[in-house]
Amino acid sequence: QVQLVESGGGLVQDGGSLRVSCAASGRTFGSYAMGWFRQAPGKEREHVADISRGGAYTTYADSVKGRFTISRDNAKNTVYLQMNSLKPEDTAVYYCAASAYQSQKADAYNFWGQGTQVTVSS
């Protein structure tokens, strides 16, 4: 089992940068692949990025490739999403999630955080 808490969201200007974090509790953080998802008002939750258990392998949604970077520090039980060149369409609640295996599918993830709001002003 793992409990996840996101932080670092907030208001940023168009073109700005923000890093959101997800802190995990438990002794087995390194056993989970991690993902970031986001959900805008009236929209379905969508995959943003994911990372393998050791951090060597990552995937990104086409909409964020080249702008966002997912990383993890297993010694700190934390996964990060560095967001650069932010656009108003990136505005959403961002969720981290843990899975037994790396996936782009939400239903592969067993544990979810509460989400953190990211708002990009135009």
Side-chain angles (χ1 to χ4, degrees):
Q1 293 186 342
V2 61
Q3 289 76 48
L4 307 172
V5 180
E6 300 95 334
S7 63
L11 177 65
V12 64
Q13 293 183 354
D14 189 2
S17 297
L18 197 66
R19 187 179 75 167
V20 291
S21 301
C22 176
S25 63
R27 301 181 67 183
T28 58
F29 176 72
S31 297
Y32 295 94
M34 299 295 295
W36 284 99
F37 293 76
R38 67 186 183 186
Q39 188 166 25
K43 301 294 184 180
E44 189 176 21
R45 188 170 298 187
E46 66 176 353
H47 171 265
V48 176
D50 56 82
I51 189 166
S52 61
R53 287 169 287 184
Y57 303 100
T58 59
T59 60
Y60 298 91
D62 288 343
S63 59
V64 307
K65 284 179 181 175
R67 300 188 297 121
F68 290 12
T69 303
I70 187 171
S71 62
R72 68 190 298 163
D73 186 340
N74 287 353
K76 296 183 181 295
N77 279 18
T78 303
V79 62
Y80 306 95
L81 186 68
Q82 177 67 48
M83 300 179 287
N84 298 327
S85 301
L86 281 161
K87 306 173 182 179
E89 51 262 46
D90 295 316
T91 295
V93 176
Y94 283 72
Y95 299 88
C96 68
S99 174
Y101 57 93
Q102 193 173 8
S103 178
Q104 298 180 34
K105 301 292 185 65
D107 61 6
Y109 291 82
N110 305 109
F111 307 101
W112 294 81
Q114 83 289 345
T116 187
Q117 176 71 46
V118 173
T119 302
V120 185
S121 63
S122 60

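Residue numbers start at 1 and run along the sequence shown.
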Practice problem: Ignoring hydrogens and angles, tell me if any N or O in the side chain of Q114 forms a donor-acceptor pair with the backbone of E6 under 3.5 Å. | Solution: yes
Quiz item: Side chains of V79 and I70: closer than 4.5 Å at any heavy-atom pair?
Solution: yes
Quiz item: side-chain contact (heavy atoms from CB on, under 4.5 Å) with S103: which residues, sequence neighbours excluded?
Solution: Y101, K105, A108, Y109
Practice problem: Only pairs at least two apart or in different chains count here, so list each disulfide bond (SG atoms under 2.5 Å apart) that has a residue in residues 27-122. | Solution: C22-C96
Quiz prompt | Separation of T78 OG1 from L4 CG (nearest 0.5 Å) | solution = 10.5 Å
Exercise. Look up atom OG1 in T116 and atom CG in L18, then write down how far apart they are to the nearest 0.5 Å.
Key: 8.0 Å
Quiz item: Does the R72 side chain pair with the main chain of G55, one donor and one acceptor, at a distance under 3.5 Å?
Solution: no
Quiz item: Do V20 and V2 belong to the same hydrophobic cluster, where Ile, Leu, Val, Met, Phe, Trp and Tyr are linked whenever their side-chain heavy atoms lie under 4.5 Å apart, directly or via other members?
Solution: yes
Quiz prompt | Least distance between heavy atoms, T58 atom then Y60 atom | solution = OG1-CE1, 3.6 Å
Self-check item: Transitive ILVMFWY side-chain link W36 to W112, under 4.5 Å
Solution: no
Quiz item: Which residue pairs pass the ring pair (Phe, Tyr, Trp, His ring centres under 6.0 Å) test with at least one member in residues 61-97, sequence neighbours excluded?
Solution: none
Quiz item: For S17, which residues count as a side-chain contact (heavy atoms from CB on, under 4.5 Å) partner, sequence neighbours excluded?
Solution: Q82, N84
Quiz item: About how many Å separate CG of D73 and CZ of F29, when rounded to the nearest 0.5 Å?
Solution: 8.5 Å
Quiz prompt | Interatomic spacing from CG in N74 to CE in M34 - rounded to 0.5 Å | solution = 9.5 Å
Exercise. Over all heavy atoms of both residues, which pair between V93 and G115 is shortest? Give the atoms and the distance, please.
Key: CG1-CA, 3.8 Å
Practice problem: Decide if atom CD of Q13 counts as having more than 12 heavy atoms of other residues, nucleotides or ligands within a radius under 6.0 Å. | Solution: no
Quiz item: Do M83 and V118 have side chains that get closer than 4.5 Å, going by heavy atoms?
Solution: yes
Listing, residues 44-51 side-chain donor-acceptor contacts under 3.5 Å, not counting sequence neighbours, or none:
unit_1	atom_1	unit_2	atom_2	d
E46	OE2	R38	NE	2.8
E46	OE2	R38	NH2	3.3
H47	NE2	D50	OD2	2.6
D50	OD1	T59	OG1	2.7
D50	OD1	Q102	NE2	2.7
D50	OD2	T59	OG1	2.4

Exercise. For D14 and P88, indicate whether the former's side chain and the latter's backbone hold a donor-acceptor pair under 3.5 Å.
Key: no
Quiz item: How would you list, by chain and number, every residue that makes a salt bridge (Lys or Arg N to Asp or Glu O under 4.0 Å) with K65, sequence neighbours excluded?
Solution: D62
